[in-house]
Amino acid sequence: MKTNTFPRMHASLYVSNLAATINFYTAFFGKPADKIKSGYAKYILEEPSLIISFIENPERVQANFGHFGFQVATKEALEKRLEIAKNYNLIDRVETGTACCYAVQDKFWVNDPDNVQWEVYYFHEDAEFNDPKYELSDTSACCLPAEEKETNIATSDCTSDCACN
């Protein structure tokens, strides 16, 4: 029996290749799309409570908007989702005990076929500090794709895992 949790977040993304997107999100969400039409797919998720749709329109795909993510309730839930993502070779990176955005978290990251970042994290506790790798004078430079990082932040100590929720 489905129980809908309201309000639910809805997001819609433009994608460059709908078939690749469906393959990725079916693995990442652990369920098939609820609706697939010409140039369109939609997933209705209970956990997290989210409706997300994808519209194939390569000209409108935009990079570097930030990232999506969701918090899980337990470390066990994080480990379960991490194991599933590993089985599908979706993992970009794993961070354990990271002090990011003034919170201690365990998390992992995946990137969809259009390089949209997703963070799945377990929140341990608030923190009074950020890891120094997140303390940059120009934090917008931190989340650039790797090829842009080399030219735009050559004088920075930023590492490839600079991102926070």
- Note on the structure: The reported gap from CG in L82 to NZ in K75 (rounded to nearest 0.5 angstrom) is 12.0 Å

- Query: Could you walk me through whether Q71 and K107 pass the side-chain contact (heavy atoms from CB on, under 4.5 Å) check?
  - Reply: CA-CA 9 Å; Q71 179 181 9; K107 61 177 83 180; over 6 Å; no

- Message: Taking side chain to side chain donor-acceptor pair (under 3.5 Å) as the definition, give me every residue that meets it alongside S53, ordered by chain and number, with sequence neighbours left out.
- Response: S12

- Among the clusters formed by ILVMFWY side chains lying less than 4.5 Å apart, do I51 and Y14 turn up in the same one? no

- Would you indicate whether the side-chain heavy atoms of E47 and F70 approach each other to under 4.5 Å? no

- Item | Same cluster (ILVMFWY, side-chain, under 4.5 Å), F68 and L50 | yes

- Examine the side chains of T96 and D106 and answer whether a donor and an acceptor come within less than 3.5 Å of each other. no

- Taking all heavy atoms of V61 and all of S16, pick out the closest pair and write down the distance. CG2-N, 3.6 Å

- Heavy-atom side-chain contact between E119 and Q105 under 4.5 Å: yes

- Message: Any side-chain to backbone donor/acceptor pair from E56 onto L18? Under 3.5 Å, distance only.
- Response: yes

- Closest approach of A99 and F129, non-hydrogen atoms and distance? CB-CE1, 3.4 Å

- Is any side-chain heavy atom of F29 less than 4.5 Å from a side-chain heavy atom of I44? no

- State plainly whether one hydrophobic cluster holds both I55 and I52, where clusters connect Ile, Leu, Val, Met, Phe, Trp and Tyr through side-chain heavy atoms under 4.5 angstrom apart. no

- Item | Side-chain heavy atoms of L90 within contact of F24, under 4.5 Å | yes

- Which pair of heavy atoms, one from P32 and one from Y43, lies closest together, and at what distance? C-CE2, 3.6 Å

- Taking side chain as C-beta onward, heavy atoms only, is T21 less than 4.5 Å from D114? yes

- Message: Contact between V120 and V72 at the side-chain level, heavy atoms closer than 4.5 Å - yes or no?
- Response: yes

- Item | Ion pair check, K86 and E79, cut-off under 4.0 Å | no

- Task: State, without any angle test, whether Y25 and W118 hold a side-chain donor-acceptor pair at a distance under 3.5 Å.
- Result: yes

- Message: Counting only heavy atoms from other residues, nucleotides and ligands, does the tally under 6.0 Å from CZ of F123 exceed 12?
- Response: yes

- Distance in Å, N111 CG paired with F28 CZ, rounded so as to fall on 0.5 Å steps: 10.0 Å

- Contact summary for F108 and A85, nearest pair of heavy atoms: CE1-CB, 3.9 Å

- Hey, what do you get for CG (D112) to CG (N17), rounding to the nearest 0.5 Å? 11.0 Å

- Is there side-chain contact between Y40 and K35, with heavy atoms separated by less than 4.5 Å? yes

- Message: With a 4.5 Å cut-off on side-chain heavy atoms, are Y121 and L78 touching?
- Response: no

